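Side chains included, hydrogens not; waters and symmetry mates left out as well; all remaining heavy atoms used. Just so you know, ligand 1 is whichever comes first in the structure, and atom 1 is the first atom listed for that ligand. Keep in mind that what you see is a predicted model, and the values were worked out from it rather than measured.
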Amino acid sequence: MDPEAKKKALRKILHGVCVIGVKEGDRLNAFTATWISQVSFQPPLVVLAVRKDSLSYSMIEASKVFVINLLGAGEKPLAQHFLKPGHLGGDKFQGVRYRLGKVGAPILEEGIAFVECEVRRIDPGGDHAVVIGEVVEAGVHRDAEPLSLKETGWQYGG
Ligand SMILES: Cc1cc2nc3c(=O)[nH]c(=O)nc-3n(C[C@H](O)[C@H](O)[C@H](O)COP(=O)(O)O)c2cc1C
């Protein structure tokens, strides 16, 4: 396989950018993610690829819940904020307005919509684990275009 072709081809997959809210006991965290998709209508399932060396992965493994916060066009600064690895310490929620949803994970007040999920299965995958969640609650804050990976100018994939 030509590694350059593999990288270029995989980067042709269209992606949005969202913030995944997680919890473990009383501890909250969130991280920016792009490898997400719906994978079933009935039951409503979504799939998420989560870095196994991230703080959020251990939290999802423990609590078996997460919330997908969909960001709107123009909300790159919010996505940038949640790129910071939780292992570095500090409170990622300082100055960020949020509430706890049905599954107890943080729902951002910014963003355009949210999807709350209970984990049904985790496949170890590779450097990212494949987490399948069932949608148990959802809501829309405002009807706006989602933030695309293209708009951010970032790359994640290849
Ligand atoms: C554009 C972009 C997209 C990303 N998408 C994902 C993703 O889909 N899954 C993931 O686990 N990490 C993704 N990351 C990396 C996480 O945001 C990053 O590892 C973060 O620090 C994890 O936070 P945590 O350690 O507090 O959990 C992405 C990073 C960038 C720059």
Rounded to the nearest 0.5 Å, what separates atom CD in Glu118 from atom CD in Glu137? 11.0 Å
In terms of side-chain geometry, is the basic nitrogen of Glu134 or Arg120 positioned less than 4.0 Å from the acidic oxygen of its partner? yes
Where the side chain of Lys52 meets the backbone of Gly126, is there a donor-acceptor pair that is under 3.5 Å apart? yes
Report the hydrophobic cluster partners of Tyr98, with the cluster defined as I, L, V, M, F, W, Y residues connected by side-chain heavy atoms closer than 4.5 angstrom, directly or transitively. Val17, Val19, Leu28, Leu71, Leu78, Phe82, Leu83, Phe93, Val96, Leu100, Leu108, Leu147, Leu149, Trp154
Hydrophobic side-chain clustering at under 4.5 Å (ILVMFWY, transitive links): who's grouped with Leu55? Put none if nobody. Ile20, Val22, Phe31, Ile36, Val46, Leu48, Val50, Tyr57, Met59, Ile60, Phe66, Ile68, Leu70, Ile112, Val115, Val119, Ile122, Val131, Val135
Neighbouring protein residues of ligand 1 - any heavy atom closer than 4.0 Å: Asn29, Phe31, Thr32, Ala33, Thr34, Trp35, Ala49, Val50, Arg51, Ser54, Leu55, Ser56, Leu83, Lys84, Pro85, Gly86, Lys92, His128, Leu149, Trp154, Tyr156
Who else is in Ile107's hydrophobic cluster (ILVMFWY, side-chain heavy atoms under 4.5 Å, direct or via others)? Val67, Phe114
